[in-house]
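Both ligands and their constituent atoms are indexed starting at 1 by order of listing. Predicted model only: the values in this text are computed from it and were never measured.
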Amino acid sequence: MNTKQKVVLIGLSGCSSTGKTTIAKLTAELVNQSTLIHEDDFYKHDDEVPIDPKRNIANWDSPEALDFPLFRKELGHIRESGDIKTELIHNNNVDDLKKFKIKPEILENLKQNYSAIDSNLKIVIVDGFMMFNDPEVRSKLDIKILIRAPYEQLKQRRAARLGYQTLDSFWVDPPYYFDEFVYKSYAETHGPLFINNDVEGHLDPVKASDIQDFMNSDEVAIEQTLQWVCNIIVNSCKDL
Ligand SMILES: Nc1ncnc2c1ncn2[C@@H]1O[C@H](COP(=O)(O)OP(=O)(O)OP(=O)(O)O)[C@@H](O)[C@H]1O
Ligand SMILES: [Mg+2]
């Protein structure tokens with residue numbers, strides 16, 4: 001990194017299946033000076049993931065399933081040095097992006113909008129489902145975006161997925177997994193950011209004053225979401 005360059009860490013967070021990785025990948029392709037990394041790379045090995053005592057299965061959605069000390073340290077290192085380990089830069093689990101059939105002129109237009117970002121800023125997009133609940137991770141992110149979608153749609157999107165590649169195996173959700181693990185953990189860890197702890201309601205303007213949210217529901221074209229994210233990033237970068 002040259003001495004003039006400043007690192008900007010952008011956290012794209014939200015419950016599983018809100019569309020984070022989809023949005024993060026498309027956005028990273030549109031921003032010239034950007035790199036995309038994934039919190040999923042900080043998952044522990046299968047045999048270190050906590051076992052849920054009631055169901056006797058791995059709880060991939062508990063904070064203890066991730067190596068948070070390492071994640072915090074790595075984000076700190078990236079912030080200070082701009083140096084990102086090559087193993088953190090790779091293609092991550094995501095559905096076929098081509099299914100959205102985004103018109104090339106729309107992508108071109110977004111690229112144009114992103115070109116307004118000062119070239120001395122090195123943009124790092126961090127895609128992760130559990131970031132704003134951790135004070136240290138949160139404090140390291142310059143821009144915080146929470147992607148949302150209604151509960152029923154999240155459940156359907158998640159059910160439509162085959163499963164997840166873990167470090168050591170391939171995880172397939174049992175039928176109860178979304179309600180009892182994914183959404184339950186999201187509500188527990190993210191509830192405090194919302195008014196009355198209601199994760200289907202509004203963000204608390206005081207407790208979540210540093211976070212901006214967007215409803216990426218099935219009724220919202222992905223182009224709209226990309227445009228909203230673009231406006232947030234371009235405008236926030238002006239103030240950095
Ligand atoms: N606006 C949208 N309308 C309809 N489907 C969408 C929209 N955005 C994303 N999706 C779909 O939702 C599914 C989940 O998307 P994605 O994998 O990006 O979610 P994620 O938030 O990264 O989930 P996870 O945390 O489990 O990795 C994908 O099938 C994706 O194509
Ligand atoms: Mg993802």
Asker: Got a salt bridge between Asp134 and Arg72, using NZ or NE/NH1/NH2 to carboxylate O under 4.0 Å?
Answerer: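 Answer for the salt bridge query: yes.
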
Asker: Taking everything shown except Asn196 itself, do over 12 heavy atoms lie less than 6.0 Å from its CG?
Answerer: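 12 or below, so no.
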
Asker: Is the distance from the Mg ion (ligand 2) to the nearest N/O/S atom of Asn92 under 2.8 Å?
Answerer: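 Within the cut-off used here (under 2.8 Å), Asn92 places no N, O or S atom near the Mg ion (ligand 2).
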
Asker: Tyr176 ring centre to Arg55 NZ or CZ under 6.0 Å, with the angle to the axis within 45°?
Answerer: yes

Asker: Going by atom types only, do Tyr164 and Asp40 share a side-chain donor-acceptor pair under 3.5 Å?
Answerer: no

Asker: Write 'none' if nothing qualifies; otherwise put on separate lines each N/O atom of ligand 1 with a protein N/O atom under 3.5 Å away and their distance to 0.1 Å.
Answerer:
unit_1   : atom_1 : unit_2 : atom_2 : d
ligand 1 : 1 (N)  : Asn216 : OD1    : 2.8
ligand 1 : 1 (N)  : Val220 : O      : 3.0
ligand 1 : 8 (N)  : Asn216 : ND2    : 2.9
ligand 1 : 17 (O) : Arg161 : NH1    : 3.3
ligand 1 : 17 (O) : Arg161 : NH2    : 3.2
ligand 1 : 18 (O) : Gly19  : O      : 3.4
ligand 1 : 18 (O) : Thr21  : N      : 3.4
ligand 1 : 18 (O) : Thr22  : N      : 2.9
ligand 1 : 18 (O) : Thr22  : OG1    : 2.5
ligand 1 : 19 (O) : Gly19  : N      : 3.3
ligand 1 : 21 (O) : Ser17  : N      : 3.3
ligand 1 : 21 (O) : Thr18  : N      : 3.3
ligand 1 : 21 (O) : Thr18  : OG1    : 3.4
ligand 1 : 21 (O) : Gly19  : N      : 3.0
ligand 1 : 21 (O) : Lys20  : N      : 2.9
ligand 1 : 21 (O) : Lys20  : NZ     : 2.7
ligand 1 : 22 (O) : Thr21  : N      : 3.0
ligand 1 : 22 (O) : Thr21  : OG1    : 2.7
ligand 1 : 23 (O) : Ser17  : N      : 2.8
ligand 1 : 23 (O) : Arg161 : NH1    : 3.1
ligand 1 : 25 (O) : Lys20  : NZ     : 2.7
ligand 1 : 26 (O) : Ser16  : OG     : 2.6
ligand 1 : 26 (O) : Arg161 : NH1    : 3.2
ligand 1 : 26 (O) : Tyr164 : OH     : 2.5
ligand 1 : 29 (O) : Asp95  : OD2    : 2.5
ligand 1 : 29 (O) : Lys99  : NZ     : 3.1
ligand 1 : 31 (O) : Lys99  : NZ     : 2.7

Asker: Under a 3.5 Å threshold, yes or no: a donor from one side chain and an acceptor from the other, between Gln5 and Gln33?
Answerer: no

Asker: Heavy atoms, side chains only, cut-off 4.5 Å: are Val31 and Tyr114 in contact?
Answerer: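 Yes, at least one pair of side-chain atoms sits under 4.5 Å.
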
